[in-house]
Amino acid sequence: MGAIQALRGTRDILPEEVSYWQRVETAARDILGRSAYREIRTPIFEQTDLFERGIGEATDVVGKEMYTFKDRGDRSLTLRPENTAGVIRAFIEHHLHAQGGVMRLWYTGPMFRYERPQAGRQRQFHQLGAELVGSPDPRADAEVIAIATDLLQSLGLKALRMDLNSVGTIADRQTYREALVAYFTPHQAELDADSQDRLTRNPLRILDSKDERTKAIAQDAPSILDYLSPDSQKHFDRVRQLLEDLGISYQLNPRLVRGLDYYTHTAFEIISDDLGAQSTVCGGGRYDGLVAELGGPETPAVGWAIGLERLILLLQQQSLAAAAVDFYLVSRGDRAEAQALKLAQTLRQLGFAAELDLSGSAFGKQFKRADRSGAVACLILGDAEADSETVQIKWLKSGEQEAIAQSDLLDKADDLRRRITDFREGA
RNA sequence: GCGAGCGUAGCCAAGUGGUUAAGGCAGUGGAUUGUGGUUCCACCACUCGCGGGUUCGAGUCCCGUCGUUCGCCCCA
């Protein structure tokens, strides 16, 4: 077949699914708005250098997953693989720090990573993120986490758990890294191939290995929590205390390491067991070094990002009926059909949801479609109604039917609205 | 980037080398020329992702390619 298809790792979000996206967006806008976060929209591509510096050259994201290309002016551009770097770039560029105090920001949009597609993983995917820039306070960590859990909860998601850890400061991590290398080196030969490689590249990752033998060895490896400086320890203790005060439960996981270099102190992941291998729905933490790294003033920050495709996968598993229309209009005959069109328009102006049958087929068929549409009521217009300028309303769930004058519609709107909600709730 | 599975209609599918490619859902028309959710009838794949090969014969076997699924790596 010669038909062009969407590229590998990309997909169309069809009307059936869009209602889920809208639910998430509405809930996010609501909760973040009430929490004093303001939306920011940044470009979908940036200078490659931004990500190399921000995310870290040694990370997989930068090393092998970026969509990088030269534009016609021979500049190296990259489709954003995440948005924290972009948001912070904008923060610095527009001197948002000059406004003093903290800046609370959120964003949503497509991200791009050149990876092998898998359940819950695509090349173009969407994230919703929040960043609280300018506060080193543990309360900032707790606030940001609380918003994420609130959002997920308000969507009705169950069976989520949270892993929490502290990765300390860059210096803490450096000494810990040395300790890990010292621990694993004698066992080098027994480690799986990937982990042997990680020993030099990124020893923290060995802790995450899924290989059974490596896991057994890692069992007794030193814990990062024993390598936190007193200040880091204090910060982490406070964050934990605050979360407990907020009634947010979490699992302490010293093996939790984040993939991107910029994280410091608090790291967390919200995980679902219903997603297969790509189980992280939300990941985030503190990144006190990033603003300075990108050329801004020394500025602490915390944030997170939710993977929207994964979130929606969960929502779909828990399903929710699609919104059906209030009125389905069936009509037959030139004048009646014209009146039905006009009536549908009037109903919409009054705030109702109305769908017009355009088939012109026998009433029997039109009723069948009315029924399938899930509409609460059917409006019927034939020659008789066209002559008398009335319309038959048939309530599909009860079967009762009545005639009203078309001109009475406006007066009866409130009554109709009430009956529609009655029928909807009664169902 | 690596490993494994799959690709038959809008959707779910049977088919495992012999020729007319089951069945179900949805759709369209009719029984029912103005009243649905039940029922009945009819119609709905010159073709099995695409390209090549093996064979007298291929949806079925082989190679390639594209897509997809699951896992690894990694991450949201």
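Just so it is clear: chains get the letters A, B, ... in the order the sequence lines come, proteins before strands, and each one is counted from 1.
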Could you check whether the side chain of [X] and the base of [N] have a donor-acceptor pair of N or O atoms closer than 3.5 Å, going by distance alone?
X: A/Gln392; N: B/rU35; answer: no
X: A/Lys365; N: B/rG36; answer: no
X: A/Arg116; N: B/rC73; answer: no
X: A/Arg113; N: B/rA76; answer: yes
X: A/Gln366; N: B/rG34; answer: no

Round to a whole Å and report the spacing from [atom1] of [X] to [atom2] of [N].
X: A/Asp163; N: B/rA76; atom1: CG; atom2: C1'; result: 15 Å
X: A/Asp387; N: B/rG34; atom1: CG; atom2: C1'; result: 13 Å
X: A/Asp194; N: B/rC73; atom1: CG; atom2: P; result: 6 Å

Given [options], the nucleotide with the shortest approach to the side chain of [X]:
X: A/Tyr114; options: B/rG1, B/rC74, B/rA76; answer: B/rG1
X: A/Glu385; options: B/rG36, B/rG34, B/rC74; answer: B/rG34
X: A/Ala119; options: B/rC70, B/rG36, B/rC73; answer: B/rC70
X: A/Arg332; options: B/rG34, B/rG37, B/rC73; answer: B/rG34
X: A/Arg121; options: B/rG36, B/rG1, B/rG34; answer: B/rG1
X: A/Gln5; options: B/rG67, B/rG36, B/rC72; answer: B/rG67
X: A/Arg198; options: B/rU39, B/rG71, B/rC73; answer: B/rC73

For [N], take OP1 and OP2 only and decide whether either is under 4.0 Å from a side-chain N or O of [X].
X: A/Arg8; N: B/rC66; result: no
X: A/Gln278; N: B/rC74; result: no
X: A/Arg369; N: B/rU28; result: yes

Mind checking the P distance from B/rC61 to B/rC48? Whole angstroms is fine.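 Each nucleotide's P atom is 15 Å from the other's.
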Using the C1' atom as the point on both nucleotides, what is the distance between B/rG37 and B/rA21, in whole Å?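 These two C1' atoms come out 34 Å apart once rounded.
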Which part of the nucleic acid does [X] contact within heavy-atom distance under 4.0 Å: base, sugar-phosphate only, or nothing?
X: A/Ala370; value: nothing
X: A/Ile380; value: base
X: A/Gln401; value: base
X: A/Gln118; value: base
X: A/Gly382; value: base

Going by atom type alone, with no hydrogens or angles, which donor-acceptor pairs under 3.5 Å involve a side-chain atom of residues 27-34 of chain A and a protein atom two or more places apart or on another chain?
from	atom 1	to	atom 2	distance (Å)
A/Asp30	OD1	A/Arg34	NE	3.0
A/Asp30	OD2	A/Arg34	NH2	3.1

I'd like to know if the side chain of [X] pairs up with that of [Y] as donor and acceptor (distance under 3.5 Å, no hydrogens or angles considered).
X: A/Glu131; Y: A/Thr84; answer: yes
X: A/Glu385; Y: A/Thr390; answer: no
X: A/Gln251; Y: A/Arg161; answer: no
X: A/Arg369; Y: A/Ser361; answer: yes
X: A/Gln188; Y: A/Gln196; answer: no
X: A/Thr42; Y: A/Asn83; answer: yes

Specify the residue among A/Val257 and A/Glu400 whose closest nucleotide of RNA chain B lies further upstream toward the 5′ end.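 Upstream on the strand: A/Glu400.
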Which residue lies toward the 5' end of RNA chain B, A/Val61 or A/Thr10, if each is placed at its nearest nucleotide?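 Per heavy-atom nearest nucleotide, the more 5' residue is A/Thr10.
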State whether the aromatic ring of A/Phe363 stacks on the base of B/rU35, taking stacking to mean ring centres under 5.5 Å apart and ring planes under 30° to each other.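 Per 5.5 Å and 30° rule: no stacking.
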With the 90 degree cut-off around zero defining syn, does B/rC48 come out syn or anti?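 Judged by the O4'-C1' to base torsion, B/rC48 sits in anti, the angle falling more than 90° away from 0.
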